[in-house]
Amino acid sequence: METELKPRFIESLQRNNDQIREDRARTIGADSELIYRRRIEDIELKIKRLEREQEGLIDISPLDRNSLTFADFQPEAFVRKDIELSLTIRNLNIQLEVAVKRFEYLFGKTF
């Protein structure tokens with residue numbers, strides 16, 4: 001099987017404005033879609049990590065099964081951190097919802 005070599009540079013110079021615009025639009029669209037998708041995935045990952053961190057806050061089990069003291073537990077710090085994480089997760093969920101809607105609107109694809 002013989003592969004035909006094409007003068008890609010010459011063909012590129014012969015393209016008309018519509019072809020050039022279409023190529024540029026496809027490149028810009030593909031890059032934007034990929035970056036948008038990554039941003040949404042980053043938000044999803046942040047939410048999962050923060051939810052795990054928040055669940056970890058309520059794991060105040062003693063160091064061993066014979067210990068029942070919680071001398072190291074600081075209720076004020078626990079409440080402050082839990083509220084802080086809840087608000088951050090809430091804000092990220094709003095960002096995620098808005099970003100997914102915009103992605104679907106801009107690129108005509110479901111996320």
Side-chain angles (χ1 to χ4, degrees):
M1 185 167 152
E2 186 175 306
T3 305
E4 182 180 333
L5 294 176
K6 294 182 177 180
R8 180 70 182 115
F9 182 65
I10 301 300
E11 287 179 358
S12 179
L13 293 174
Q14 294 172 335
R15 293 182 307 155
N16 63 30
N17 284 342
D18 288 342
Q19 292 168 325
I20 292 169
R21 289 174 58 100
E22 184 177 332
D23 288 349
R24 289 179 182 167
R26 287 185 190 280
T27 301
I28 291 169
D31 286 355
S32 300
E33 181 183 339
L34 183 62
I35 291 168
Y36 223 109
R37 185 176 294 275
R38 284 183 181 167
R39 176 74 177 129
I40 290 171
E41 291 170 351
D42 287 347
I43 294 170
E44 288 176 330
L45 181 61
K46 281 182 189 174
I47 291 170
K48 286 180 184 175
R49 286 181 174 166
L50 289 172
E51 287 174 343
R52 273 188 238 128
E53 184 179 340
Q54 192 174 34
E55 283 301 310
L57 289 177
I58 60 175
D59 181 11
I60 53 173
S61 58
L63 297 176
D64 62 46
R65 66 182 179 169
N66 296 324
S67 174
L68 292 177
T69 62
F70 299 101
D72 294 335
F73 183 72
Q74 298 172 343
E76 292 85 13
F78 166 76
V79 170
R80 184 175 17 87
K81 186 69 174 174
D82 190 67
I83 290 172
E84 178 185 313
L85 287 171
S86 295
L87 291 174
T88 304
I89 291 168
R90 178 181 170 269
N91 288 338
L92 285 171
N93 276 320
I94 292 169
Q95 281 182 27
L96 179 64
E97 182 182 328
V98 170
V100 167
K101 282 183 182 176
R102 288 297 298 170
F103 176 87
E104 291 175 351
Y105 172 75
L106 290 172
F107 303 107
K109 298 176 181 177
T110 58
F111 192 83

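Atoms considered below: every heavy atom in the structure, side chains included; atoms not considered: hydrogens, waters and symmetry mates.
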Taking all heavy atoms of L92 and all of I43, pick out the closest pair and write down the distance.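 Reported closest heavy-atom pair: O-CG2, 3.5 Å.
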
Heavy-atom closest contact (E104 atom, K109 atom, distance):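 Taking E104 first and K109 second, the nearest heavy atoms are CG-O, 3.0 Å.
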
Just how far is it from atom [atom1] of [X] to atom [atom2] of [Y], taken to the nearest 0.5 Å?
X: L85; Y: L57; atom1: CG; atom2: CG; value: 6.0 Å
X: L106; Y: K101; atom1: CG; atom2: NZ; value: 14.0 Å
X: L96; Y: D42; atom1: CG; atom2: CG; value: 11.0 Å
X: I83; Y: R90; atom1: CD1; atom2: CZ; value: 13.5 Å
X: D23; Y: D18; atom1: CG; atom2: CG; value: 11.0 Å

So if you build clusters from Ile, Leu, Val, Met, Phe, Trp, Tyr with side-chain heavy-atom gaps below 4.5 Å, do [X] and [Y] land together?
X: Y105; Y: V100; result: yes
X: L50; Y: V79; result: yes
X: V98; Y: L87; result: no

Side-chain ion pair, E41 and R37, N-O less than 4.0 Å: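 Here E41 does not pair with R37 in a salt bridge, since their nearest N and O are not under 4.0 Å apart.
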
Is the closest basic N to carboxylate O distance between E53 and R49 below 4.0 Å?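 Result for this pair is no, no salt bridge flagged.
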
Given R102 and F111, is the side chain to side chain contact (heavy atoms under 4.5 Å, CB included) satisfied, shown in steps? CA-CA 10 Å; R102 288 297 298 170; F111 192 83; over 6 Å; no

Quick check: does any side chain N or O of Q19 sit under 3.5 Å from a backbone N or O of N16, one acting as donor and the other as acceptor?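 Pair found, side chain donor or acceptor close to backbone of N16.
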
Judged by atom type as modelled, is there a donor-acceptor pair below 3.5 Å linking the side chain of S12 to the main-chain atoms of R8?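 No; zero donor-acceptor contacts below 3.5 Å.
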
Evaluate E55 against D59 for side chain to side chain contact (heavy atoms under 4.5 Å, CB included), listing each step before the verdict. CA-CA 7 Å; E55 283 301 310; D59 181 11; over 6 Å; no

Among E51, Q54, K81, the one residue meeting side chain to side chain contact (heavy atoms under 4.5 Å, CB included) with S86: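 Exactly one pass, corresponding to Q54.
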
So for atom CZ, which belongs to R15, do other residues, nucleotides or ligands contribute more than 12 heavy atoms lying within a distance under 6.0 Å?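 Correct, the count exceeds 12.
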
